[in-house]
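These notes concern the structure reproduced below.
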Amino acid sequence: MHTLDLSYVRLAYRPDLHVLFLRWTRPVSSAEHQEGYLAALTLARQMQVGHWLIDLRTRGLASAEDFQWVMVDFRLTLAATLPEVDRRLAYFVTPYHATLIQERQQQLEATTGLPADKQTAVQAFTEEQFAQQWLAARSQ
């Protein structure tokens with residue numbers, strides 16, 4: 001297993017699952033939010049892994065601006081970095097946050113379409129087991 005611990009996020013690549021885990025350990029600033037995703041991207045590039053399980057239960061939701069950065073800018077960067085890899089982001093969240101993420105995502109995708117080759121599937125889950133199943137089913 002390959003890991004990296006920052007003061008606000010723990011990154012771990014599980015080769016048996018071919019999944020990169022991001023477990024946020026506290027609420028973060030906008031700069032830390034972006035730094036955490038970019039650190040994960042560095043590890044993902046090394047391991048050639050596009051399936052990520054992102055645990056937001058401790059951190060909570062990002063601001064609207066940071067959410068847009070992930071859904072648009074970061075997804076484009078992820079696609080450019082790993083163009084030949086299936087890319088899926090599974091968010092592990094509380095039930096209330098799952099609904100908010102889905103609403104935000106629908107609003108953004110209605111106004112900001114990404115080209116088909118730059119797409120990264122995003123889904124929110126309230127149970128980690130279902131998130132892992134979704135990621136595993138897509139990798140076959």
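The chain is numbered in sequence order, starting from 1. Note that the coordinates shown come from a computational prediction; the quantities given were computed from them, not determined experimentally.
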inquiry  = Any non-hydrogen side-chain atom of V122 less than 4.5 Å from a side-chain atom of Q105?
reply    = yes
remark   = In short, L17 meets Q132 closest at the heavy-atom pair CD1-OE1, 4.0 Å
Distance-only criterion, 3.5 Å: show the donor-acceptor pairs between side-chain atoms of residues 33-47 and protein atoms not counting sequence neighbours.
from : atom 1 : to  : atom 2 : distance (Å)
E35  : OE1    : Y8  : OH     : 3.2
Y37  : OH     : Y91 : OH     : 2.8
T42  : OG1    : L38 : O      : 3.2

query = Can you tell me how far NE2 of H51 sits from CG of L89, rounded to the nearest 0.5 angstrom?
reply = 9.5 Å
query = Closest heavy-atom contact between T126 and P95?
reply = CG2-CA, 3.4 Å
inquiry  = Taking the side chain as everything from C-beta on, heavy atoms only, tell me whether W52 gets closer than 4.5 Å to V19.
reply    = no
request  = Identify the heavy atoms of P27 and T58 that sit nearest to each other, and give their distance.
outcome  = CD-O, 4.1 Å
request  = For L56 and L61, work out which heavy atoms get closest and say how close.
outcome  = CD1-CD2, 4.3 Å
request  = With rounding to the nearest 0.5 Å, note down the distance linking CZ in F92 to CD in Q129.
outcome  = 10.5 Å
task = Working to the nearest 0.5 Å, report the span between CD of Q119 and CZ of R88.
result = 10.5 Å
note = To the nearest 0.5 Å, atom CZ of R57 lies from atom OG1 of T94 at 9.5 Å
request  = Would you please test V49 and Y13 for side chain to side chain contact (heavy atoms under 4.5 Å, CB included) and show each step?
outcome  = CA-CA 8 Å; V49 60; Y13 170 65; 3.8 Å; yes
inquiry  = Any carboxylate oxygen within less than 4.0 angstrom of a Lys/Arg side-chain nitrogen, looking at D73 and R75?
reply    = no
inquiry  = Using a 3.5 Å distance criterion without hydrogens, assess whether the side chain of H18 forms a donor-acceptor pair with backbone atoms of G50.
reply    = no
message = Once rounded to the nearest 0.5 Å, what's the spacing between atom CG of L6 and atom CG of L4?
response = 4.5 Å
remark   = Taken in chain and number order and not counting sequence neighbours, the residues that satisfy side-chain hydrogen bond (donor to acceptor under 3.5 Å, both in side chains) with T81 are none
Side chain to side chain, V93 and I101, heavy atoms closer than 4.5 Å = yes
query = What distance do E128 atom CD and L135 atom CG have between them, rounded to the nearest 0.5 Å?
reply = 10.0 Å
Non-hydrogen side-chain atoms of Q68 and R104 separated by less than 4.5 Å = no
message = With salt bridge (Lys or Arg N to Asp or Glu O under 4.0 Å) as the criterion, how do R26 and E32 come out once you've worked through the C-alpha distance, each side chain's angles and the decisive distance to 0.1 Å?
response = CA-CA 11 Å; R26 64 169 171 81; E32 290 171 328; 2.7 Å; yes
ask   = Got a sec: does the CZ of R10 have more than 12 other heavy atoms crowding it under 6.0 Å?
value = no
